[in-house]
Amino acid sequence: MTASTALLKIVDPKNYYESYLSAGVYPEGRSLRSFPRLSFKQGECGGVGSSLVSSGGVTVSCSIEASVSLCNDLRLITASVAPTTQLSEKESNEITSCLIRLLDQGSFVSKEALRCKNVDGEDLPLTWNLEVVIKIMSADGCLMDAIICSVVTALRNVKLPLIRLNHLLEDESSIEKNQILIERQSVSLNDVHVLMCCTFGLFLTKAGEEIVLCAPNSDELNNCAAKYVMIVSGEEEIVLLTGNGSSKVFDNLRIFNSICSKRWKLFKDALDKPS
Amino acid sequence: MAKVYFRGRSGLRFESVSNWLICMSSIQNLQQLREFLTVYNTLTERCFSSCIRDYNSNVLNKDEEGCVSKCIEKQMLVNRRFMIVFAEQAPKVLFKQGQESPKLTNNKMNVISEHGFRQDGRRSSQIRNINTRLGLNKSAEGSSYIEHGNTKVLCAVYGPYEGKASRRVEDRCVINCQYSMTTFSGLERKKRPRGDRKSTEMARLLEKAFESVVITESFPRSQIDIFCEVIQSDGSNLAACVNAASLALADAGIPMKGLASAVTCGVIEGNPVVDLASREENDLMPRITLATICGRDEVVLVELQNRLHVDHLPTVMETAKATCADVYECLQVVVQQHLRACAPIVGN
């Protein structure tokens, strides 16, 4: 970036971005409808399942710890974002509540999939409790996109051991800790739903035209008139949609959905590919 | 078995009641007594309606006696059998160790009847009655009270004022929202009126929405506080808060791009249902809260709860947009009336 463009970016950021976006590219050279490269690695961060995801300027790690409890009606998967100086408390709470909402809806994995099984594949009156911990290493971009990807990838990486229960099912007495034994065999979680999160910005030019930006970085997002986050779990199902800001065109939602669905397909194919 | 006579509308004496009353005196628990009386009264009513045919005499004839005895005996036997089965099965089904409690929610609750009416008598496209008042709170710069049917929200606006230095932004105003529900607002008494995860999330949504509505560049380095209190919650709380906050900001005279109006719209079998009540909001029905400015295409808030099929998105968005325009018309009238009422005071 030359001195004059750097100065323009500081003095008049809107004009700076408009000059690039009107030409159909971001300042870093990416085209408007393309996303930054998404890379993920599984099993690098400890726990029963983990992942490290990097997308543009965002790097996020997710690790999952497991514990056993009796079947109950309480939340079986909890999520938390580790405190970091890169995020304010409000933003951190927002991300946590969004994750908890998705977990409560069963959008990632159903309750039945967390049921403990013995070596014969039979259900036991025990269930796995998962604790998802997100650590944010760098936050210059669309955090939710990377966080959702990391949670899905980590859940796909989860391997839970089979359980041997030395307690008769018909026995009404309480199950003691020493009656629950862990087998050497472990199985992956069934039915982990693949979700794809995409953040979109709507940039308003001086002429009043709205330009759709896919996964803009923080600076670009601050200059957008509206921001939308869409999470899909397939080509036809929207799991979450939040948007705020001033946006004039309703048809944008259809565009968001089609872009998100295509990206979901690519992500799912990459996850299903044997490593 | 003691013969049973019923004191009903005919005024006849019930001999066996005295036996029952003697039994009742030994019953210590008032609750048991109440339950017993409920069963007794129900039984009396039913047996009288089924068995008593002759009103020309103040005593039961032979047929009526026989009918009543059999009625009572059958009821007692059924109750006893029911309690035995319950005592056998309940520990296995309801209280079994290591099992989740059975799901008691009715996922197939009929929100719309076969004739196209909802439980409160509205059609799918009808909103609830909106009642408003402005300027209730004299100590606030602006305040409003709004009712969407049984959902009642109070809103107060303070500012713009010079807020905390740590939160100040050089070129625009900071919007700070607080959302709280009174402990008596819902069906169950809440322990904490604010500060829980849901309240924080709602407050954040309101902040983001009003950052786009208020012309924040007019008040650099200052802060506007918006406090929303849900006094009675009967669904569409977020939409009601947006509408209340909009009116309160108008009452405070804070410059905005326009009045924001909001509505919550659900989807049932592909058909949109607007302005949901709390009975209609459940964990399965997808619903969208949409807020627009001046009822136009300009969207300031979209919030989707639960999964939605993409084919339903255009329909529900169009319906929500049209309903926002209707709500805007109501709010506009309210603001105009308030301005006319204030005009003599201002001297215009």
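Letters A, B, ... are given to chains in the order of the sequence lines, protein chains preceding strands, and every chain is numbered from 1. All values below come from the heavy atoms of this structure, side chains included, with hydrogens, waters and symmetry mates left out.
- Taking OG of S97(A) as the start and CD of E201(B) as the end, the distance is 4.5 Å to the nearest 0.5 Å.
- By the 6.0 Å contact criterion, NZ on K257(B) is enclosed, its count of non-hydrogen atoms from other residues, nucleotides or ligands being greater than 12.
- The existence of a salt bridge linking K208(B) and E94(A) is confirmed by a sub-4.0 Å separation between a basic side-chain nitrogen and an acidic carboxylate oxygen.
- Residue contact with chain A, scored on non-hydrogen atoms closer than 4.5 Å, is absent for P286(B).
- The two residues E235(A) and V310(B) come nearest to each other via the heavy atoms O-CG1, 4.3 Å.
- At most 12 non-hydrogen atoms from other residues, nucleotides or ligands lie less than 6.0 angstrom from NZ of K265(A).
- For E211(B), no part lies near chain A; criterion is any non-hydrogen pair under 4.5 Å.
- The contact between E237(A) and chain B is made by backbone and side chain atoms together, counting heavy-atom distances below 4.5 Å.
- In this structure, chain A has no heavy atom under 4.5 Å from any part of L205(B).
- Here the shortest heavy-atom pairing between S233(A) and R307(B) reads OG-NH1, 3.1 Å.
- Residue K117(A) places its NZ atom among more than 12 non-hydrogen atoms of other residues, nucleotides or ligands, all under 6.0 Å distant.
- Highest contact tally toward chain B, considering only I100(A), V232(A), I238(A), is held by I238(A) [criterion: heavy-atom pairs under 4.5 Å].
- Interface remark: S107(A) contributes backbone and side-chain atoms alike to the contact with chain B (heavy atom separation under 4.5 Å).
- We find the OG-CZ distance between S88(A) and R167(B) to be 10.0 Å, quoted to the nearest 0.5 Å.
- The pair E303(B)-R101(A) meets the salt-bridge criterion, with a side-chain N (NZ, NE, NH1 or NH2) lying under 4.0 Å from an Asp/Glu carboxylate O.
- Here the straight-line distance linking atom CG of L241(A) with atom CG of L313(B) works out to 7.0 Å at 0.5 Å rounding.
- In this structure, E236(A) CD and H312(B) NE2 are separated by 10.0 Å, a value rounded to the nearest 0.5 Å.
- In the displayed structure, K262(A) atom NZ is contacted under 6.0 Å by at most 12 heavy atoms of other residues, nucleotides or ligands.
- The choice from V229(A), L240(A), V239(A) that makes the most heavy-atom pairs within less than 4.5 Å of chain B is V239(A).
- Considering only heavy atoms from C-beta on, V300(B) stays 4.5 Å or farther from N244(A) through its side chain.
- Contact detail for G245(A) and S212(B): the closest heavy-atom pair is CA-OG, 3.0 Å.
- Chain A forms the most heavy-atom pairs under 4.5 Å with one residue out of E318(B), E207(B), R204(B), and that residue is R204(B).
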